[in-house]
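To start, the structure under review is shown below, and the notes come after it.
Just so you know, these numbers come straight off a predicted model, no measurement behind them. Just so it is clear: chains get the letters A, B, ... in the order the sequence lines come, proteins before strands, and each one is counted from 1.
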Amino acid sequence: MTVYRVYDKGYDNILKGMKKMIEVKGLTKKYGNHTAVSNLSFTIEEDQVYGFLGPNGAGKSTTMNIITGCLSATDGTVAIDGLDIYENAVDAKKHIGYLPEIPPLYMDMTPMEYLEFIAEVKKVEKSERKTQIEEAMIETGIKNVENRLIKNLSKGYRQRVGIAQALVGNPSVIILDEPTVGLDPKQIIEIRELIKNLGKKHTVILSSHILSEVQAVCDKILIISNGKLVACDTPENLESLFAGTKTIKLTVKGDSGNIDPILNNIPEIRNIRYKNNGEKTMVEITTDKESDIAEKIFFAFADARMPILRMTEETATLEDIFLELTSIDKDVDIETENTDDESVSEEYEDHEEYNEESEEPVKEEEAEDNDGNI
Amino acid sequence: MTAIFKREFRSYFNNILGYIFCAFILLFAGIYTMAINLKSGSANFEYVLGNMAFIFLIAVPILTMRSIAEDRKQKTDQLLYSLPVSMTEVVMGKFLAMIAVLLIPIVIVGLYPLILSAFGNVNMFAAYGTLLGFFLLGSCLIAMGLFISSLTDNQVVAVIASFIVMLLNYFVGTLADYLSYSPNATFIAFTVIIVAVAAVLYYMTKNSMLAVIVAAILEIFLVIIKVSNSDSLYGLFPRIMDKISVFERFYNFPNGMFDITTIVYFLVITAIFLFFTVQSMEKRRWS
């Protein structure tokens with residue numbers, strides 16, 4: 001596994017020029033003994049679409065619920081446009097439009113009545129109410145069902161009414177928790193288009209466990225795993241940073257015990273993963289893109305008289321990055337973990353290894369960022 | 001708050017609950033007016049209200065069961081939490097909507113004394129004083145029901161729990177008559193209550209030290225009273241039980257007493273339960 005920390009203090013400063021809409025500091029949420037979110041810190045800038053990515057149960061919804069004031073944090077602070085979500089709750093919430101995982105709709109109302117209610121609660125000026133509701137309905141495409149009872153609407157339309165609800169009041173931040181779940185492919189594409197459009201005028205945060213979705217609509221991706229932020233960057237940067245690595249897949253006759261000492265002699269290797277398959281072993285090697293070690297590997301095995309049955313090279317896709325970043329053991333603290341990986345990897349049957357060198361480039365980058373901003 | 005009030009009020013008449021509640025009270029008001037005033041030729045309208053107070057036991061839980069439980073079930077409570085309104089406003093909006101529903105049959109029933117006065121000499125002050133008491137009793141019970149509804153996401157649980165709590169409250173005055181008046185009985189009863197308070201405290205805070213200390217302080221206090229002035233405990237517990245019952249209090253009105261303390265009592269109980277409801281809603285965010 002690669003120690004990959006794009007997010008650091010220097011990162012904040014790079015984007016200092018932009019207005020901070022949401023500032024989350026040291027957010028922790030515990031349910032009894034279970035820690036859902038642990039020490040999460042990040043900043044959300046104006047007028048961008050942010051994607052909250054993570055596997056199920058990573059803490060996405062919990063984080064969103066805390067940001068919107070639906071849930072309270074065990075520790076840490078959330079500030080919306082400089083207003084604390086607990087101390088200035090009412091004012092802070094005026095800046096937020098929130099669509100929870102299950103659209104919070106009153107089944108006995110029509111979309112029109114519902115949006116009127118929302119506009120009134122959000123204290124939209126009476127004169128503006130009609131136009132705002134109209135706009136929200138047109139934007140989400142629910143104008144044709146405005147007078148039908150919500151309980152008679154399909155899931156897709158309900159979702160749209162939920163989004164329209166978030167838009168009313170023209171909040172500067174729109175938070176959508178898994179907005180495309182349960183929709184048909186056509187609806188998904190429409191909702192994505194809608195989200196892209198919203199990003200022009202609002203700051204949008206959406207959560208998803210579907211990578212392609214986040215990739216398609218988001219300017220920035222926050223990857224969260226086991227309640228911790230593991231990466232925060234643009235999709236292109238994430239890809240290019242990881243494209244810095246490539247994967248070599250080997251199928252070798254012999255077991256991992258014998259292979260390990262051979263590969264240990266090759267310093268360019270960042271990370272090794274084994275999978276036993278009878279007398280064959282599949283080996284996944286991660287290495288820097290520039291280093292051409294295929295030859296070295298070949299001769300190393302040749303010297304040991306172990307036959308390589310197959311060898312292929314792959315460069316990392318965003319999918320791989322996501323899998324890699326989120327497949328970390330719960331107990332491992334990403335920020336401190338760099339050398340004592342032995343215990344962790346054994347638990348997972350994945351023998352993972354760190355090379356001291358792999359740490360260096362990241363560290364240097366951090367240093368540069370910091371220097372640049374002093 | 002007005003937005004929530006309007007939405008809630010409308011929702012009671014979007015489904016059948018509001019109609020059932022009003023019809024139920026009007027039906028019984030009609031039956032009792034018929035029986036007491038018309039059939040027996042009495043001009044005392046306050047007796048009608050005195051006799052029909054028990055129907056709140058059924059009508060109020062039906063009205064209050066869905067107010068917050070339904071929000072939790074449909075997840076619309078998340079909307080309320082994320083909207084720029086305080087929980088106090090939400091709870092007040094919901095409460096006042098139910099009060100408004102209660103006012104509909106009250107206003108209609110309020111016409112009865114006027115109709116009766118065409119046929120005889122109605123004591124208007126007693127009739128309307130009792131109607132005020134009847135209304136305050138209703139709002140008191142609605143606040144209780146609202147609180148119970150905020151504890152669960154299941155309407156059936158809410159309606160049954162509300163019914164049981166109100167039923168106990170209804171009978172507690174009668175039960176008090178069967179209790180021993182001796183200081184020892186009161187001492188034991190209070191000790192049991194102290195233990196129960198400590199248990200609830202422990203359950204809520206998971207802090208055994210706090211629970212034990214609070215229980216110990218209360219118990220020591222009780223022992224001091226017992227030792228220093230045992231007579232002051234005589235019959236204290238049954239008397240308190242008698243005073244707890246909102247129904248017992250209400251009977252002051254039909255008995256011809258326009259009791260300010262009872263009015264204050266109803267308002268205080270209402271306020272306490274509304275406060276509890278707000279706390280219960282706030283607490284949900286912490287769990």
Side-chain angles (χ1 to χ4, degrees), chain A residues 29-32 61 64-74 80 83 85-86 88-110 113-124 129 149-151 158 162 165-166 168-169 171 173-175 177, chain B residues 1-20 65-94 96-97 101 153 155 203-207 278-287:
Chain A
K29 176 72 188 175
K30 285 180 183 158
Y31 294 105
S61 290
M64 289 189 148
N65 276 335
I66 295 173
I67 293 175
T68 52
C70 292
L71 212 73
S72 59
T74 314
I80 315 290
L83 298 160
I85 193 73
Y86 305 114
N88 288 317
V90 172
D91 288 327
K93 284 174 188 171
K94 279 184 187 152
H95 295 278
I96 300 177
Y98 180 39
L99 170 70
E101 213 167 342
I102 298 157
L105 306 173
Y106 288 106
M107 296 297 162
D108 56 353
M109 294 173 114
T110 65
E113 289 170 342
Y114 177 68
L115 294 178
E116 274 170 358
F117 161 66
I118 297 288
E120 203 178 334
V121 181
K122 288 188 176 177
K123 298 189 181 65
V124 178
R129 259 179 224 168
L149 282 180
I150 291 175
K151 69 176 160 208
R158 286 184 191 180
Q165 166 269 122
V168 170
V173 186
I174 290 169
I175 299 180
D177 196 351
Chain B
M1 195 177 86
T2 45
I4 289 164
F5 169 79
K6 275 196 269 181
R7 199 216 80 78
E8 288 288 320
F9 184 72
R10 206 184 314 160
S11 86
Y12 281 111
F13 294 98
N14 273 344
N15 63 34
I16 200 165
L17 285 181
Y19 295 104
I20 289 183
M65 64 178 182
R66 58 173 288 287
S67 59
I68 292 172
E70 177 77 356
D71 266 320
R72 285 177 58 175
K73 181 141 202 164
Q74 302 285 349
K75 304 287 177 199
T76 40
D77 58 337
Q78 282 200 312
L79 180 74
L80 299 175
Y81 284 124
S82 67
L83 286 173
V85 282
S86 68
M87 268 308 118
T88 315
E89 284 178 275
V90 171
V91 170
M92 283 312 286
K94 284 175 178 288
L96 291 177
V101 176
D153 58 4
Q155 288 189 33
Y203 176 74
M204 283 169 71
T205 62
K206 301 272 180 263
N207 186 339
V278 173
Q279 295 312 308
S280 147
M281 296 283 280
E282 291 285 358
K283 189 192 165 284
R284 289 260 305 146
R285 277 204 275 218
W286 294 93
S287 56

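- Taking chain A as the reference chain and counting heavy-atom pairs below 4.5 Å, the highest number among B/L83, B/N14, B/I4 is found for B/L83.
- Not counting sequence neighbours, the partners of B/Y19 by the ring-ring contact (aromatic ring centres under 6.0 Å, His included) test are B/F13.
- At a 4.5 Å heavy-atom cutoff, the contact between A/A73 and chain B is made by backbone atoms alone.
- How far CG of B/L80 is from OG of B/S86: 11.5 Å, rounded to the nearest 0.5 Å.
- In this structure, B/R7 and A/E120 have side chains that are not in contact, with every pair of non-hydrogen atoms separated by 4.5 Å or more.
- Ranked by heavy-atom pairs under 4.5 Å with chain B, the first of A/G169, A/A119, A/P104, A/P171 is A/P104.
- For residues 91-106 of chain A, the salt bridge (charged side-chain N to carboxylate O under 4.0 Å, His left out) pairs, not counting sequence neighbours, are A/D91-A/K94.
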**OP:** Evaluate the side chain to side chain contact (heavy atoms under 4.5 Å, CB included) criterion for residues B/V85 and B/M1: first the C-alpha distance (whole Å), next the side-chain angles of each, then the deciding distance (0.1 Å), finally the verdict.
**Re:** CA-CA 8 Å; B/V85 282; B/M1 195 177 86; over 6 Å; no
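- Contact annotation for A/L105: only backbone heavy atoms (N, CA, C, O) come within less than 4.5 Å of a heavy atom of chain B.
- A/E116 does not touch chain B: none of its heavy atoms, backbone or side chain, sits under 4.5 Å away.
- Of the atoms belonging to B/D77, not a single heavy atom falls under 4.5 Å from chain A.
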